[in-house]
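Every chain is numbered from 1, with letters handed out A, B, ... down the list of sequences.
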There are 2 protein chains.
Amino acid sequence: MHADIDTTSHAIVRVARSHRAAAERLLRSSGLHAGQELLMMHLWDNGPQPQSALIELLGLDASTVTRAVQRLEQSGFVRRVRSETDRRAVIVQPTAAGQALRDQVSQAWKELEDLTLAGLTEPDRAELARLLALVERNLT
Amino acid sequence: MHADIDTTSHAIVRVARSHRAAAERLLRSSGLHAGQELLMMHLWDNGPQPQSALIELLGLDASTVTRAVQRLEQSGFVRRVRSETDRRAVIVQPTAAGQALRDQVSQAWKELEDLTLAGLTEPDRAELARLLALVERNLT
DNA sequence: GGCATTTACTTGGCCGTGCAAGCAATTGCC
DNA sequence: GGCAATTGCTTGCACGGCCAAGTAAATGCC
């Protein structure tokens with residue numbers, strides 16, 4: 001039997017791919033791509049932020065965030081402003097169009113969560129959350 | 001509080017990223033990139049295959065596999081041969097260099113699995129596998 | 001003050017991945 | 001046989017991500 005196929009690692013890879021695909025599908029109508037919604041959520045929750053804060057919060061590479069923000073600006077969801085107090089820094093703020101996405105994206109995110117966990121009992125969900133947290137700690 | 005951060009969806013995204021990063025690190029010395037090892041494993045297990053079979057097995061888009069195979073060929077790990085019986089089809093076969101990676105990659109994959117599951121009891125591991133399978137079914 | 005170091009971001013390059021469009025060979029069917 | 005539909009693959013394009021190298025501003029320290 002194909003030992004490699006039954007590993008948890010492989011399961012993680014497959015789940016990650018399907019999950020991303022589902023996210024992409026649910027976000028399509030909003031105009032966001034999977035990944036961008038997390039950035040926007042941080043802006044909605046915490047207001048305008050320097051990119052450095054987003055990088056920290058999202059745990060992504062600086063270059064990844066730079067380009068994500070560039071694309072969000074291109075799409076009109078975000079504005080980039082040079083900080084007055086630190087002229088290296090860029091402050092990212094949601095535009096009106098960006099703010100307008102909030103409810104729709106929250107809804108899509110909720111649907112994604114529902115889809116992901118469909119059929120799992122409450123204890124199963126808690127267990128999954130616990131185990132994923134352990135795995136995350138292992139890999140970080 | 002930031003409700004979105006505590007979702008299982010978000011945990012999946014974070015785990016997937018760390019997991020991929022770990023895979024990339026463990027595979028680095030072999031010359032493979034995360035993702036390519038799964039393709040090679042299928043070749044090692046099942047011998048030369050038409051791309052269509054790899055696409056099916058890996059559950060990836062045809063274009064993704066085309067390019068992965070192109071890069072593996074570029075790296076010298078794989079050879080592409082036009083099928084005699086169906087001249088549309090491309091048969092992918094591991095080269096000697098590709099075969100030579102087998103043990104090293106198996107080892108790396110095992111290390112990845114160990115790292116991922118470190119500290120989890122046997123029942124925890126079984127439970128995680130079960131829950132991931134459920135989630136995967138939900139998302140497919 | 002002045003220079004080395006650190007910080008904040010950019011850009012180029014590369015990989016995985018998907019969609020859309022397109023080409024060529026094969027198959028299905030009248 | 002002959003033409004339509006299907007199959008197998010490729011290419012262009014766009015995203016998320018990462019690393020490495022580079023620029024410019026702010027900080028640290030003598």
Side-chain angles (χ1 to χ4, degrees), chain A residues 12-28 30-40 49-75 77 80-92, chain B residues 12-28 30-40 49-75 77-78 80-92 139:
Chain A
I12 289 173
V13 170
R14 288 194 308 265
V15 165
R17 221 166 41 218
S18 322
H19 186 268
R20 184 178 202 85
E24 202 76 50
R25 183 161 42 77
L26 289 169
L27 288 170
R28 179 150 5 239
S30 73
L32 293 182
H33 289 271
Q36 301 183 333
E37 84 281 16
L38 298 177
L39 199 160
M40 291 304 296
Q49 310 241 331
Q51 267 186 211
S52 53
L54 293 172
I55 289 164
E56 172 77 21
L57 285 165
L58 296 168
L60 294 169
D61 190 83
S63 61
T64 298
V65 173
T66 289
R67 275 187 269 247
V69 169
Q70 285 171 345
R71 283 162 186 151
L72 285 170
E73 184 177 41
Q74 201 62 33
S75 305
F77 298 136
R80 296 148 41 88
V81 180
R82 209 89 217 176
S83 164
E84 283 304 321
T85 68
D86 182 342
R87 304 184 38 125
R88 295 168 302 178
V90 172
I91 309 293
V92 184
Chain B
I12 288 172
V13 170
R14 287 193 309 265
V15 165
R17 220 166 44 216
S18 323
H19 186 268
R20 183 179 203 86
E24 202 76 50
R25 183 161 42 76
L26 289 169
L27 289 170
R28 176 147 11 237
S30 73
L32 293 182
H33 290 271
Q36 301 183 333
E37 84 281 15
L38 298 177
L39 198 159
M40 292 304 297
Q49 310 241 332
Q51 267 187 210
S52 53
L54 293 172
I55 289 163
E56 172 76 20
L57 284 166
L58 296 168
L60 293 170
D61 190 84
S63 62
T64 299
V65 173
T66 290
R67 275 186 271 248
V69 169
Q70 286 171 345
R71 283 163 184 151
L72 285 169
E73 183 177 43
Q74 201 62 32
S75 305
F77 298 136
V78 127
R80 294 149 42 88
V81 180
R82 209 89 217 174
S83 163
E84 284 303 323
T85 67
D86 182 343
R87 304 184 36 124
R88 294 168 302 178
V90 172
I91 309 293
V92 184
L139 294 172

- Task: Among dC9(D), dG16(C), dT26(C), find the nucleotide with the atom closest to the side chain of V90(B).
- Result: dC9(D)
- Task: Sort out for me which residue in V90(B), L72(B), I91(B) forms a side-chain contact (heavy atoms from CB on, under 4.5 Å) with R80(B).
- Result: V90(B)
- Is the phosphate of dT10(D), meaning OP1 or OP2, less than 4.0 Å from a side-chain N or O of R80(B)? yes
- Would you please confirm or rule out a distance under 4.0 Å between OP1 or OP2 of dC15(C) and any side-chain N or O of R71(B)? yes
- Base, sugar-phosphate, or nothing for A34(B), non-hydrogen atoms under 4.0 angstrom? sugar-phosphate
- Task: Report the residue from M40(B), E24(B), R71(B) that forms a side-chain contact (heavy atoms from CB on, under 4.5 Å) with L32(B).
- Result: M40(B)
- Estimated bend of the helix from dG1(C)-dC30(D) to dC30(C)-dG1(D) (axis per five terminal pairs, rounded to 10 degrees): 10°
- Task: Please evaluate the base of dC19(C) for a donor-acceptor partner in the side chain of S63(B) within a cut-off of under 3.5 Å?
- Result: yes
- Message: Within the 4.0 Å heavy-atom criterion, would you say E24(A) contacts the bases, only the backbone, or no part of the nucleic acid?
- Response: nothing
- Examine the base of dT26(C) for any acceptor or donor lying under 3.5 Å from a partner atom in the side chain of R88(B), and report the outcome as yes or no. no
- Message: Does dT10(D) have OP1 or OP2 under 4.0 Å away from a side-chain N or O of Q51(B)?
- Response: yes
- Item | S52(B) side chain, from C-beta outward: closest of dT11(C), dG8(D), dA8(C) | dG8(D)
- Message: OP1 or OP2 of dG16(D) versus the side-chain N and O atoms of T64(A): is any pair under 4.0 Å?
- Response: no
- T66(A) side-chain N/O to dT10(C) phosphate OP1/OP2 under 4.0 Å: yes
- Distance test, side-chain N/O of R67(A) to OP1/OP2 of dG16(D), below 4.0 Å: no
- Task: Scan A62(B) against the nucleic acid and name what it touches under 4.0 Å (heavy atoms): base, sugar-phosphate only, or nothing.
- Result: base
- Task: Using a heavy-atom cut-off of under 4.0 Å over every strand shown, decide if D61(A) touches base, sugar-phosphate, or nothing.
- Result: base
- Name the one of T64(A), L57(A), V69(A) that satisfies side-chain contact (heavy atoms from CB on, under 4.5 Å) with L39(A)? V69(A)
- Would one find a side-chain N or O of Q36(A) under 4.0 angstrom from OP1 or OP2 of dG16(D)? yes
- If only side-chain N and O atoms of Q70(A) are considered, is one of them under 4.0 Å from the OP1 or OP2 phosphate oxygen of dT11(C)? yes
